[in-house]
Amino acid sequence: MNSRRDFLQKLTASVIAFNFFPGYGSSGIKNFYSESNEDPVLRVAIMGLGSYGTRVAEAMQSCKRARLTGIISGTPAKIKNWQDKYNIPANNCYNYDNFDGIKDNPEIDAVYIITPNALHHNQAIRVARAGKHVICEKPMALNAREGQEMIEACKKANVKLLVGYRMHFEPKTLEIIRMRKDGELGKILFFQGLCGFRIGDPSQWRLNRQLAGGGSMMDIGIYAVNGARYMVGEEPVWVTAEETKTNPEKFKEGVDETIQFQLGFPGGAVASCLSTYTMNNLDRFFLNAEKGFAELQPSTGYGPIKGRTNKGELNQQHVTHQTVQMEEMAGIILEGKQPIVPIDGEEGLKDLKIIDAIYLAVKTGKKVDLKL
Ligand code: NDP
């Protein structure tokens, strides 16, 4: 009850702040309220103005319930560009040294962390301590221990922690989940998740263990891990995994190039997945069940996602994933809305536990039991 009351107080504070701070209007940030002029809007600062941060910012321009009101960046030239492009006042611009100051900024409700993986843990904890909601890109952290610490920091600060699992709002994905839940597919027997692309520049952070925390598994294989869970609809109880490396020069110690992994589920279903940085055109989910099947290809790219089931083609409309994700996240943070597939810290932590187990299985060559 307390946390709900605190949450409502925060929400009220943010609404009151809008009403009583005339600076909001003059700051050039428009439309704090959706067109109905009733629903509060989530005011978001993006941390890390890189390739995905840019995509999210663009997608947010079409949001009614979420607005880009701040930025956090280590690159002054980007800050200037983004200020001009998105009309962001100087007071809402921060760097990595001073962003703890957002605690005193009533124009920012949440920070969306879109930096290299290894930075998420510390940055999320600092955002939480500043009293702002945390939205964090996948992988949420480098391992389960870090993920747990982030959850605890957010709990302690009474802020929400959400992970950028955009597929959880994708219409064709949701239709398959609906079919499974409604029993139209019958008992789930098998899932296959193939996730990969051919990575370029060897000097990028994704191939630096310190910043990436691993290789393809942390970056793209996580889609198969997460997808296996929402497609099968259960939590895995064991994992086996094998790694292969064709280019040890490019994929150094601790940076996995290709990992095949298998998951076992309590209902008897098994999953067989591939994560790689060496193959293009690898983006496919396949679900086999007693009464039918479901297939998505591409399954996790930016879309359009394509798919079919034993009943025919899936024809749900393509949406811009990041726009829908931010609209839904606004509903989750501001109204406590419950998504069909969770996107909270616990959800991110489950994936990290599985990834920890996959790396352990690669190292030991043994089956690893899981308790999620
Ligand atoms: P980029 O390299 O394009 O951008 C990362 C940004 O982080 C940089 O531009 C920089 O922004 C900031 N940064 C801070 N410290 C560092 C550092 N030491 N090295 C490099 N950059 C730093 O990466 P992406 O945008 O592709 O990925 C960022 C995160 O988003 C990752 O966790 C990734 O897994 C996730 N992601 C998620 C996707 C999804 O579909 N959900 C898709 C792509 C990525 P600045 O100059 O402003 O400080």
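Residue indices begin at 1 and follow the sequence shown. One-based numbering, in listed order, for ligands and for the atoms of each.
For Arg55 and Tyr302, the positive end sits near the middle of the six-membered ring, less than 6.0 Å away and at most 45° from its axis.
Shortest contact from atom 3 (O) of ligand 1 to any protein heavy atom: Ser51 N, 2.8 Å. In terms of protein heavy atoms, atom 30 (O) of ligand 1 is closest to Glu137 CG, 3.4 Å. In terms of protein heavy atoms, atom 28 (C) of ligand 1 is closest to Ile114 O, 3.4 Å. Of the protein's non-hydrogen atoms, the one nearest atom 32 (O) of ligand 1 is Asn117 OD1, 2.8 Å.
Listed for the Arg180 side chain is a donor-acceptor partner under 3.5 Å among the backbone atoms of Tyr230. Between the side chain of His318 and the main chain of Ile305, no donor-acceptor pair closer than 3.5 Å is present.
Between Pro139 and ligand 1, not a single N/O pair is under 3.5 Å apart.
Close approach of ligand 1 to Arg166 (heavy-atom distance below 4.0 Å) involves ligand atoms 39 (C), 40 (O), 41 (N). In the vicinity of His120, heavy-atom distances shorter than 4.0 Å reach the ligand 1 atoms 32 (O). Near Leu119, the atoms of ligand 1 lying under 4.0 angstrom from a non-hydrogen atom of the residue are 14 (C), 15 (N), 16 (C). With ligand atoms numbered from 1 in the order given, ligand 1 contributes 45 (P), 46 (O), 47 (O), 48 (O) to contacts under 4.0 Å with heavy atoms of Ser73. Interface atoms of ligand 1 facing Lys138, defined by a heavy-atom separation under 4.0 Å, are 32 (O), 33 (C), 34 (O), 35 (C), 37 (C), 41 (N). Within the listing of ligand 1, atoms 34 (O) sit less than 4.0 angstrom from a heavy atom of Asp219. Of all atoms in ligand 1, listed by their number and element, those nearer than 4.0 Å to a heavy atom of Gly164 are 41 (N).
Residue Thr115 holds the heavy atom nearest to atom 31 (C) of ligand 1 of all those in Thr115, Thr75, Ile72. When the heavy-atom distances from atom 22 (C) of ligand 1 to Pro116, Ala141, Ala118 are ranked, the shortest goes to Pro116. The closest non-hydrogen atom to atom 18 (N) of ligand 1, taken over Leu211, Val56, Ile220, Ile79, comes from Leu211. Looking at His321, Gln322, Arg206, it is Arg206 that brings a heavy atom closest to atom 44 (C) of ligand 1.
Both Val368 and Leu142 belong to a single network of hydrophobic side chains, linked directly or stepwise wherever heavy atoms of I, L, V, M, F, W or Y lie under 4.5 Å apart.
The only option from Met329, Glu335, Glu328 that meets the side-chain contact (heavy atoms from CB on, under 4.5 Å) definition with Arg65 turns out to be Glu335.
Neither the backbone nor the side chain of Gln204 comes within contact range of ligand 1; no heavy atom lies under 4.0 Å. If you look at Trp205 next to ligand 1, the close heavy atoms, those under 4.0 Å, all belong to the side chain.
The nearest pair of heavy atoms linking Pro202 to Lys250 is CB-CG, 4.3 Å.
Counting non-hydrogen atoms of other residues, nucleotides and ligands closer than 6.0 Å to CG of Asn281 gives a total of 12 or fewer. The number of heavy atoms from other shown groups lying within 6.0 Å of CD1 (Ile340) does not exceed 12. Within a 6.0 Å sphere centred on NZ of Lys245, heavy atoms belonging to other residues, nucleotides or ligands number more than 12. The environment of Arg178 atom CZ is dense: over 12 non-hydrogen atoms of other residues, nucleotides or ligands sit within 6.0 angstrom.
Heavy atoms of Tyr165 come nearer than 4.0 angstrom to ligand 1 in no pair at all. Using a 4.0 Å heavy-atom cutoff, Tyr223 is listed among the residues neighbouring ligand 1.
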Ring pair (Phe, Tyr, Trp, His ring centres under 6.0 Å) for Phe286 and Phe191? Distances and angles first, verdict last. CA-CA 6 Å; Phe286 175 74; Phe191 171 77; 8.8 Å; no
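Interatomic distance, Lys160 NZ to Asp344 CG, rounded to the nearest 0.5 Å: 9.5 Å.
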